[in-house]
K.L.:
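Sharing a structure here in structure tokens format.
No experiment lies behind these values; they were computed from the predicted model shown.
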Amino acid sequence: QVQLVESGGGLVQAGGSLRLSCAASGRTSSAYTMGWFRQAPGKERDVVATINWNGALTYYADGAKGRFTISRDNVKNTVYLQMSSLKPEDTAAYYCAARPGSGLRYMAHEYNYWGQGTQVTVSS
């Protein structure tokens, strides 16, 4: 079992930046692919970015490319999502997810463990 706790969300003006963190605990000795997803009210949970177990591979959804950066620190068992040039359409609950294995995965149903989410609100 892996427990995930997100932090770093909040209210920010358009054009601003936020850094989300996801601290993992529990069975963290195994290799895990990590992902950030987001879900706006009435919409599906969509991938934002994913990173493989050692950080060598990353994937970004089109809306995140060039603005968001996913990274991980396996010593601290923490994954980050640096978000810049934020837009009102980035407003959503952001979730951290983990799945055992080494390859990238892009779909929510492919992830085994989820955090409780952190709200990001971008005002215009």
K.L.:
Any pair with a residue in residues 102-124 that passes salt bridge (charged side-chain N to carboxylate O under 4.0 Å, His left out), sequence neighbours left out, goes on the list, sorted by first then second residue, please.
P.N.:
R105-E110
K.L.:
If you take all heavy atoms of N52 and T33, which pair is closest and at what distance?
P.N.:
CA-OG1, 4.3 Å
K.L.:
Hey, quick one: are L18 and I51 part of the same hydrophobic cluster, counting side-chain heavy atoms closer than 4.5 Å, chains of contacts allowed?
P.N.:
yes
K.L.:
Between V79 and W36, is the side chain to side chain contact (heavy atoms under 4.5 Å, CB included) condition met? List the steps.
P.N.:
CA-CA 9 Å; V79 178; W36 284 99; 3.5 Å; yes
K.L.:
Can you sort out the partners of S7 under side chain to side chain contact (heavy atoms under 4.5 Å, CB included), two or more places apart, ordered by chain and number?
P.N.:
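Scan of S7 (side chain to side chain contact (heavy atoms under 4.5 Å, CB included), adjacent residues dropped) gives S21.
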K.L.:
Show your reasoning for whether side chain to side chain contact (heavy atoms under 4.5 Å, CB included) applies to Q1 and R27.
P.N.:
CA-CA 6 Å; Q1 290 289 335; R27 194 176 178 182; 5.8 Å; no
K.L.:
Return the minimal non-hydrogen interatomic distance between W114 and A108, and the atom names on each side.
P.N.:
CZ2-O, 3.3 Å
K.L.:
Would you say that M83 contacts V48 through its side chain, given a criterion of any heavy-atom pair below 4.5 Å between the two side chains?
P.N.:
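In short, these two side chains do not touch, never coming nearer than 4.5 Å.
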K.L.:
Can you name the side-chain hydrogen bond (donor to acceptor under 3.5 Å, both in side chains) partners of D90, sequence neighbours left out?
P.N.:
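Testing D90 for side-chain hydrogen bond (donor to acceptor under 3.5 Å, both in side chains), a comparison that skips the adjacent residues, returns R38, R67.
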K.L.:
By side-chain hydrogen bond (donor to acceptor under 3.5 Å, both in side chains), which residues pair with Q39, not counting sequence neighbours?
P.N.:
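With neighbours one apart ignored, the set is R45.
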K.L.:
Among residues two or more places apart or on two chains, list those pairs meeting ring pair (Phe, Tyr, Trp, His ring centres under 6.0 Å) that have a residue in residues 46-102.
P.N.:
Y59-Y106
K.L.:
Would you list the pairs meeting salt bridge (charged side-chain N to carboxylate O under 4.0 Å, His left out) in which at least one residue belongs to residues 71-80, sequence neighbours left out?
P.N.:
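Sorted pair list comes back empty.
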